Number of protein chains: 2
Amino acid sequence: MTRWLDDDEQRAWRGYLHMQARLTARLNRQLQDDSGLSLADFAVLVELSEVAGGRTRVLALAEKLEWEKSRLSHQLNRMRARGLIDRQECPNDRRGAFVALTPQGRTTIEAAAPRHVETVREYLFDRLTPELVAALTDITDRVAARLAEDED
Amino acid sequence: MTRWLDDDEQRAWRGYLHMQARLTARLNRQLQDDSGLSLADFAVLVELSEVAGGRTRVLALAEKLEWEKSRLSHQLNRMRARGLIDRQECPNDRRGAFVALTPQGRTTIEAAAPRHVETVREYLFDRLTPELVAALTDITDRVAARLAEDED
DNA sequence: TCAACATAGATGACGCGTCAACTATTCCGG
DNA sequence: CCGGAATAGTTGACGCGTCATCTATGTTGA
């Protein structure tokens, strides 16, 4: 009784899987080559650079990124080892900690961002019509809505 | 001189990143819970189950999957340890090897496939109109074409 | 024939992501 | 005020993916 995918759905699904894998790999490599960052590093640095003082609580950061706290913890360890961020004690709540951008972290993200955006544009948006951009938004919104239903 | 993303592009891009991360995680978890497989396992088993005799040369498999051979090699090691596949010597070319589905591998993929497809349908295709499915195909084709230009 | 090169594939190190378990602190009801 | 639950965050193990390197075999051309 399985409802298999029809031909159009097959093409869409295989196309999606293929694009997803290649695009992610491409963006990762571009960031790595140009700035020594991974996509994960980039995501963390972007969030940090957008908060006042480049400094937040770890859990607040995890929520913004929608990452599990353990994932973030591992990531922050690696980034701290490379001098991109710093940890600071939290006096109010001594269980917690602040994460802060280091000057090097800020320099790095400011240098990396323009080239990363340019790459996203080159591979994705430069190839899409405004209608397709709207369709992409629609698709992702619908799927996100379905995914959100699980989180109850 | 950076051409930043405009609002519509921002929404599309953030939506894509969000959907991509969540959908992949969801599908991985479903497969893992229902069948003890990862998406990577599943991809390998699907290809193997589609070739005659459930048996191919490693490099041919890598090409079908569009995976690097080292990635595949690691993957096959893990799968062999779990009894899903088997390695066989290649008499013609003694550098090479065949990979073969084990009976257990075949049973596993045949049990896993229907539920996996059902999940893909539930999260993706059940939420999309035929127009959006067509748009998704269009988008992925365009991006794939750009990505393919690099491989010269 | 034999040295150079190409090909098939394996391996080790390291970053990434998940899960389960753990520590340390804070909160809250009796 | 105290004991149990909740919260903040860490840790270790393990699968996944990439890169660089290595081994063994096959191919080719002087």
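From a predicted model like this one, the values you see are computed outputs, not experimental measurements. What you see below is based on every heavy atom in this structure, not just the backbone, and it leaves out hydrogens, waters and symmetry mates. So that the names make sense, note that chain A is the first sequence line, chain B the second, and so on, each numbered from 1.
Between A/L76 atom CG and D/dA8 atom C1' there is a gap of 13 Å when expressed in whole angstrom units. Atom-to-atom, CD of B/E68 to C1' of D/dA20 comes out at 11 Å; the value is rounded to the nearest Å. To the nearest angstrom, P of D/dT10 lies 11 Å from CG of A/L61. Separating the NZ atom of A/K69 from the P atom of D/dT11 is a distance of 13 Å, rounded to the nearest angstrom. For B/W67 and D/dT18, the CH2 to C1' distance is 13 Å, given to the nearest whole Å. Between A/R78 atom CZ and D/dT10 atom C1' the separation is 13 Å, expressed in whole Å. Put simply, CZ on B/R71 is 14 Å from C1' on D/dC19, counting in whole angstrom units. B/L65 has its CG atom 16 Å from the C1' atom of D/dT18, to the nearest Å.
Looking at residues 82-115 of chain B, you'll see B/N92, B/D93, B/R94, B/R95 sit with a heavy atom under 4.0 Å from some atom of DNA chain D. Listed in residue order, the members of residues 28-60 of chain B having a heavy atom less than 4.0 Å from DNA chain C are B/R29, B/R57, B/V58, B/L59.
Think of the region where chain A sits on DNA chain C: with heavy atoms and a 4.0 Å cut, that region ends 5' and 3' at C/dG15 to C/dT26.
Rounded to the nearest 0.5 Å, atoms CZ (B/F125) and CD (A/E9) are 5.5 Å apart. With values rounded to the nearest 0.5 angstrom, A/L61 atom CG is found 5.0 Å from A/L72 atom CG.
Between B/D150 and A/R26 there is a salt bridge, with a side-chain nitrogen of the basic residue lying less than 4.0 Å from a carboxylate oxygen of the acidic one. Using a 4.0 Å cut-off between charged side-chain N and carboxylate O, B/E118 and B/R121 make no salt bridge. A salt bridge is absent between B/E47 and B/R55: the closest approach of a Lys/Arg side-chain nitrogen to an acidic carboxylate oxygen does not fall below 4.0 angstrom. For the pair B/R11 and B/D7, the salt-bridge criterion is not met [side-chain N within less than 4.0 Å of a carboxylate O].
Between B/Y16 and B/I139 there is no side-chain heavy-atom pair separated by less than 4.5 Å. Counting only heavy atoms from C-beta outward, the side chains of A/V143 and B/R22 never approach each other to under 4.5 Å.
Contact annotation: A/N77 reaches the phosphate of D/dT11 (side-chain N/O to OP1 or OP2, under 4.0 Å).
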side-chain contact (heavy atoms from CB on, under 4.5 Å) between B/R115 and A/T2, intermediate numbers included
CA-CA 8 Å; B/R115 280 187 289 196; A/T2 308; over 6 Å; no
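Residue A/Q88 qualifies as enclosed at atom CD: its count of foreign heavy atoms under 6.0 Å is above 12.
Closest approach of A/D41 and A/G36 over heavy atoms only: OD2-O, 4.4 Å.
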